[in-house]
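Before any comments, here is the structure.
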Amino acid sequence: MKPVCLTIAGSDTSAGAGIQADLKTFARLGCYTATVITALTAQNTCGVHSIQPVDTSFVHKQLEAVLNDMPVSLVKIGMLPNQDILKLIADLLTPLKIPIVLDPVLISSSGAALFDLHGIDAYRQYLVPICSLLTPNRKEAALLTGTKLQSDSDLFEMGNVLLRDGAPHVLITGGDRPGIIKQDCLLSKDGENNIKTSWFKHRHIETNNSHGTGCTLSSAIAANMAKGLDIHSATEQGITFTANLLASSIDFQTGKGCGGLDHFPD
Ligand code: PLP
């Protein structure tokens, strides 16, 4: 039987990122996925034009409709436009003890704020402690921890702060790292508070079509977890899946700007 997952995220009209990227990734990897939409965005491959948060009470209704009926085995969280929606989701998910993959979507690659950054502490207070895996990129990890990123060793310190907040696993992705070698860093804490660090290295892929790579990666890892892989293997295979899609999507043209990935290459 296919696992039933749930993605809680924003809609991207260009379908490169957000709930649309999540759905394509989960489907490609063999999971059925319900959706709760937290925000509508008007955007295309050239940038984000406008953001309309969904009413918190309607997010509540969507979540109840899914959770009261469907056997959700894993939740993936992406864009949450504000602190009210974030707190509502934390309140409803905390008692359920379902594995959660949290992608703290804060700023788009084109520079648009996708979360009201005044409420950033709410991430660490309410959501980080209940997630199984947190997948910030380097900038998001720096924003969440209030740290200035100067070198790779700072990643270790940021990851530790987030582990201390209660996430058992933190993957800091390095797609924006300068240079030809990209490194993603997975920090994991065992029951005795020992910390294990794994580095996943891959070559830089020169492409204009990288929009939604973070959503795709976190969904791929989530889908692998829902199918029973441990977090280390789910991460390793999710990174390979996403890197292969990036490489095969170089010539995929969906608009005039920075396009998304072709999740179903011919
Ligand atoms: N729009 C939505 C709804 C998203 O969820 C995201 C990322 O998660 C983005 C835009 C930004 O995507 P990117 O930073 O890859 O351009």
Side-chain angles (χ1 to χ4, degrees), residues 5-26 33 35-54 59 62 75-82 85-86 89 100-117 120 123 127 131 133-144 171-177 182 184 204-223 238-239 241-243 245-246 249-250 252-263:
C5 300
L6 164 65
T7 170
I8 303 174
S11 162
D12 166 6
T13 41
S14 76
I19 212 119
Q20 290 85 351
D22 294 355
L23 271 179
K24 286 184 274 189
T25 307
F26 276 107
T33 306
T35 58
V36 166
I37 298 184
T38 57
L40 303 176
T41 69
Q43 62 178 300
N44 58 26
T45 61
C46 300
V48 179
H49 297 187
S50 183
I51 298 177
Q52 177 71 59
V54 172
V59 175
Q62 294 179 69
V75 178
K76 189 231 148 165
I77 302 177
M79 176 184 173
L80 305 173
N82 56 46
I85 291 179
L86 184 154
I89 285 162
I100 298 173
V101 175
L102 172 61
D103 183 18
V105 173
L106 301 176
I107 298 179
S108 77
S109 48
S110 57
L114 299 176
F115 178 75
D116 172 9
L117 292 173
I120 198 154
Y123 260 101
L127 276 184
C131 73
L133 170 67
L134 178 69
T135 64
N137 59 30
R138 293 153 34 104
K139 279 194 198 120
E140 287 160 347
L143 279 169
L144 283 173
L171 175 70
I172 305 183
T173 61
D176 61 335
R177 182 180 188 266
K182 304 295 177 187
D184 302 324
H204 170 68
I205 297 162
E206 190 59 46
T207 176
N208 209 20
N209 297 329
S210 58
H211 174 54
T213 309
C215 307
T216 298
L217 173 62
S218 50
S219 294
I221 299 171
I239 290 171
F241 169 83
T242 308
L245 275 190
L246 261 176
S249 303
I250 291 173
F252 187 52
Q253 188 130 17
T254 54
K256 301 185 190 78
C258 176
L261 303 170
D262 180 4
H263 291 78

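Note that ligands are numbered from 1 as they come in the structure, with each ligand's atoms numbered from 1 the same way.
Here the side chain of Thr33 pairs no donor or acceptor atom with the backbone of Cys5 at under 3.5 angstrom.
Across every non-hydrogen atom of Val54 and Ile37, the tightest pair is CG2-O, 3.6 Å.
Residues passing the side chain to side chain donor-acceptor pair (under 3.5 Å) test with Asp184, sequence neighbours excluded: His202.
Using a heavy-atom distance under 4.0 Å as the criterion, the protein contacts of ligand 1 are Gly10, Ser11, Ala17, Gly18, Gln43, Met79, Val105, Ser108, Ser109, Leu114, His211, Gly212, Cys215.
Side-chain contact between Leu261 and Phe252 is absent, with no heavy atoms from C-beta onward closer than 4.5 Å.
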* May I have the step-by-step check of side chain to side chain contact (heavy atoms under 4.5 Å, CB included) for Ile8 and Leu80, ending in yes or no? => CA-CA 8 Å; Ile8 303 174; Leu80 305 173; 4.2 Å; yes
* To do: Dump the intermediate steps for side chain to side chain donor-acceptor pair (under 3.5 Å) on His211 and Thr45, then the final yes or no.
  => CA-CA 8 Å; His211 174 54; Thr45 61; over 6 Å; no
